[in-house]
Amino acid sequence: MPITPATAKHSASNGAADAILLELVDENGVTIGTAEKLAAHQPPGQLHRAFSVFLFDEQGRLLLQQRALGKYHSPGVWSNTCCGHPYPGEAPFAAAARRTYEELGVSPTLLAEAGTVRYNHPDPDSGLVEQEYNHLFVGLVQSALRPDPEEVGEIAFVSPAELAERHAKDTFSAWFMTVLDAARPAVRELTGTAAGW
């Protein structure tokens, strides 16, 4: 994984990662504390700050990623371009740009806020719970992708019709449709009506 300044700051000096902390928030998205990442996802889940990124190519196709098989949460499932959690005190916009670069080796273009959505999605396979206050972002990808194999199994650009076909046969993350539906107004503004989102 590429090392960004934020990642370096949150890693131990010997190269081993410190416990990853998430920001706990109230129902209005106001920070109320921190919790270790895995603990925050244990049932019933602690409400924490997250982000989801939706990047599109110049034809208006959505970039999907299949999460790497080695991930502890939702391995091998398809999901939006990038998602994750800001470090405590890190702006969601900065975290979204950082993780997109770390996971896919690309910096998004025209990245813009697309609202927030709050949800509670248990993952039946892992037993973990996504209790999140999620900041949504949309943007374009205009340079070559270099996915980190520790994070990303596969990538695919899909039209709305191709997404519907893939969604019917492949396994997607529990949160995918919730975040996509919440981001649709901004997606339509970015891609135009002809793209069909």
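Here the structure is a predicted model, which is why all the values come from computation and not from measurement. The residues of the chain are indexed from 1 along the displayed sequence.
- By the 4.5 Å heavy-atom criterion applied to side chains, Thr81 and Leu64 are not counted as neighbours.
- With ring centers used as reference points, Phe51 lies 6.0 Å or more from His135.
- For the pair Arg166 and Trp78, the cation-pi test (distance below 6.0 Å, angle within 45°) is passed.
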- Query: Can you check ring pair (Phe, Tyr, Trp, His ring centres under 6.0 Å) on Phe93 and Phe137, steps first, answer last?
  - Reply: CA-CA 8 Å; Phe93 183 92; Phe137 299 93; 5.8 Å; yes
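- To the nearest 0.5 Å, atom CD of residue Gln142 and atom CG of residue Leu55 are 10.0 Å apart.
- Connectivity analysis of hydrophobic side chains (ILVMFWY, heavy atoms under 4.5 Å, direct or indirect) links Ile32 to Leu24.
- No hydrogens or angles considered: nothing links the side chains of Tyr119 and Glu130 as a donor-acceptor pair under 3.5 Å.
- Checked by atom type, the side-chain pair Trp175/Ser79 shows a donor-acceptor distance below 3.5 Å.
- Shown here is Glu113, whose CD atom has no more than 12 heavy atoms of other residues, nucleotides or ligands within 6.0 Å.
- The ring of His85 has its center closer than 6.0 angstrom to the ring center of His41.
- In summary, the side chains of Gln65 and Glu154 do not present any donor paired with an acceptor at a separation below 3.5 Å, with no hydrogens or angles considered.
- A salt bridge links Arg118 and Glu27; the closest N-O separation between the charged side-chain nitrogens and carboxylate oxygens is under 4.0 Å.
- Between Asp181 and Pro185, the shortest heavy-atom distance links the atoms O-CD, 4.1 Å.
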